[in-house]
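Taking it in order: structure first as structure tokens, then the write-up.
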Amino acid sequence: MKKDLFSLQNKVAVVTGGNRGIGKAVAGCLADAGADIVLLDLADPSETAAEIAREYGIRTCGLVCDVTDPQQVQACLEKGAETMGTLDLLFNNAGICIHTNCLKVSPEEWRKVMNVNVSGMFFVAQAFARWLLDHHKTGNIVNTASMSAQKVLIPQQMTSYNASKAAVWQMTRSLAIELAESGIRVNSIAPGYICTEMTSTVPEELQKTWIRSIPFKRMADPSELAGAVIYLLSDASTYTTGACINIDGGITCL
Ligand code: NDP
């Protein structure tokens, strides 16, 4: 190989939901691939950002940002770009899940899931693409969808989450087409059951049921998603847009 196709050196990557879980683990791996990192999260991600900078010897900054607030999102991207010099890549990952039966889910719960997982993800992608175009740049976006975009998993009851992730999948494909001629690629990943704070709060019995249903018979470490994200954000995937990579131990084959 003439060059390291998977290198993210000289790139600045924004990661939402970057203070913990998948966002934090993948941000560390993007840093390991050479990227400087802007972490955005509801809780102040400054300490996490400093930890990643120390470990990988790259530059980081951490900003408090509610992805459901488009003004805040725009201001944070501008602040991130000012601090780091530019922006190139986005791992659009912040999301929430509420387990409530469809007959019991309240309008507030439904709106909250849609607001973060669909509207929030769109506002970040939109502001990021606008920033790139305003600065005459190309770039790449990876959205975190879920296997729940394609499959209704039992026994958990989460119509709101499943619907929101199906929306992320189709949003990704729509953005990929609308932004194709601007040189902005948009792809998504569809994780299976991943060990994070989001899944650790469910009862142990439910986790055991999940594990029995997974062909690999285990949940994943969040770092196991990083290879696909690096591929989609790097020059290894220059002809790929609108794709969704399943990373689920085989579950969506069933
Ligand atoms: P976590 O709950 O561990 O982390 C999510 C992060 O997103 C938290 O730091 C949270 O902040 C942040 N966040 C939530 N709401 C907002 C908001 N409005 N603005 C900014 N940040 C916000 O979840 P995971 O790491 O497990 O999940 C990350 C993504 O992966 C989500 O989109 C999720 O749907 C998806 N996913 C997860 C799977 C899993 O098995 N874990 C499987 C498939 C997809 P705070 O803690 O302060 O609320």
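Read the numbers this way: they start at 1 and go in the same order the structure lists the ligands and their atoms. Below, each value reflects all heavy atoms present in this structure, side chains not excepted, and no hydrogens, waters or symmetry copies. Please read all numbers here as calculations on a predicted model, not as lab measurements.
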Could you check [atom] against the protein and tell me its nearest heavy-atom contact, residue, atom and distance included?
| atom | value |
| --- | --- |
| atom 35 (C) of ligand 1 | Thr144 CG2, 3.6 Å |
| atom 38 (C) of ligand 1 | Gly192 O, 3.9 Å |
| atom 23 (O) of ligand 1 | Met198 CB, 3.5 Å |
| atom 5 (C) of ligand 1 | Gly95 O, 3.9 Å |
| atom 4 (O) of ligand 1 | Arg20 NE, 3.5 Å |
| atom 37 (C) of ligand 1 | Ile22 CD1, 3.6 Å |
| atom 7 (O) of ligand 1 | Gly17 CA, 3.4 Å |

(message) So if I apply the side chain to side chain contact (heavy atoms under 4.5 Å, CB included) rule between Val105 and each of Thr159, Val113, Thr100, which one comes out positive?
(response) Thr100
Is [X] atom [atom1] crowded by more than 12 heavy atoms from other residues, nucleotides or ligands, each under 6.0 Å away?
| X | atom1 | result |
| --- | --- | --- |
| Leu254 | CG | yes |
| Lys151 | NZ | yes |
| Asn10 | CG | no |

Using a 4.0 Å cut-off to any heavy atom of [X], which atoms of ligand 1 qualify?
| X | answer |
| --- | --- |
| Ala43 | 47 (O) |
| Gly21 | 3 (O), 25 (O) |
| Thr199 | 39 (C), 40 (O), 41 (N) |
| Glu197 | 3 (O) |

(request) Go through the steps to decide whether Arg185 and Ser237 satisfy the test side chain to side chain donor-acceptor pair (under 3.5 Å), and finish with yes or no. (result) CA-CA 9 Å; Arg185 296 191 290 110; Ser237 61; 2.9 Å; yes
(request) Please test Glu197 against Lys24 for salt bridge (charged side-chain N to carboxylate O under 4.0 Å, His left out), starting from the C-alpha separation and ending with a verdict. (result) CA-CA 12 Å; Glu197 287 82 346; Lys24 180 179 175 183; over 6 Å; no
Is it the side chain (CB and beyond), the backbone, both or neither of [X] that lies under 4.0 Å from ligand 1, heavy atoms counted?
| X | answer |
| --- | --- |
| Cys195 | neither |
| Ala145 | backbone |
| Lys165 | side chain |
| Ile96 | side chain |

(message) Parallel, tilted or perpendicular: which one describes the rings of Phe6 and Tyr231, with boundaries at 30° and 60°?
(response) tilted
For [atom], which of the options [options] provides the nearest non-hydrogen atom?
| atom | options | result |
| --- | --- | --- |
| atom 34 (O) of ligand 1 | Phe123, Tyr161, Trp210 | Tyr161 |
| atom 11 (O) of ligand 1 | Asp41, Leu42, Asn143 | Asp41 |
| atom 24 (P) of ligand 1 | Thr196, Asp66, Ile247, Asn117 | Thr196 |

Ligand 1 to [X] polar contact by distance, N or O atoms, under 3.5 Å:
| X | result |
| --- | --- |
| Asn93 | yes |
| Val67 | yes |
| Ile194 | yes |
| Ser146 | no |

(message) As a quick check of understanding, evaluate side chain to side chain contact (heavy atoms under 4.5 Å, CB included) for Ser160 and Glu109, giving each step before the final call.
(response) CA-CA 8 Å; Ser160 58; Glu109 285 177 316; over 6 Å; no
(message) Are the side chains of Ile214 and Tyr193 in contact, using a 4.5 Å heavy-atom criterion?
(response)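 A side-chain contact exists here, since the closest heavy-atom pair is under 4.5 Å.
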Using distance alone, with no hydrogens and no angle criterion, decide if [X] and [Y] have a side-chain donor and acceptor under 3.5 Å apart.
| X | Y | result |
| --- | --- | --- |
| Gln156 | Trp210 | yes |
| Asn101 | Gln157 | yes |
| Asn117 | Ser164 | yes |

(message) Below 4.0 Å from ligand 1: does a non-hydrogen atom of Cys65 turn up there or not?
(response)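 The answer is yes, since Cys65 has a heavy atom less than 4.0 Å from ligand 1.
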(message) Checking the side chain of Gln150 only, and the main-chain atoms of Asn246 only, is there a donor and an acceptor separated by less than 3.5 Å?
(response)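 No, Gln150 side chain to Asn246 backbone: no donor-acceptor pair under 3.5 Å.
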(message) Applying salt bridge (charged side-chain N to carboxylate O under 4.0 Å, His left out) to Lys11 and Asp36, what does each step give before you reach the verdict?
(response) CA-CA 6 Å; Lys11 301 286 183 192; Asp36 293 321; over 6 Å; no
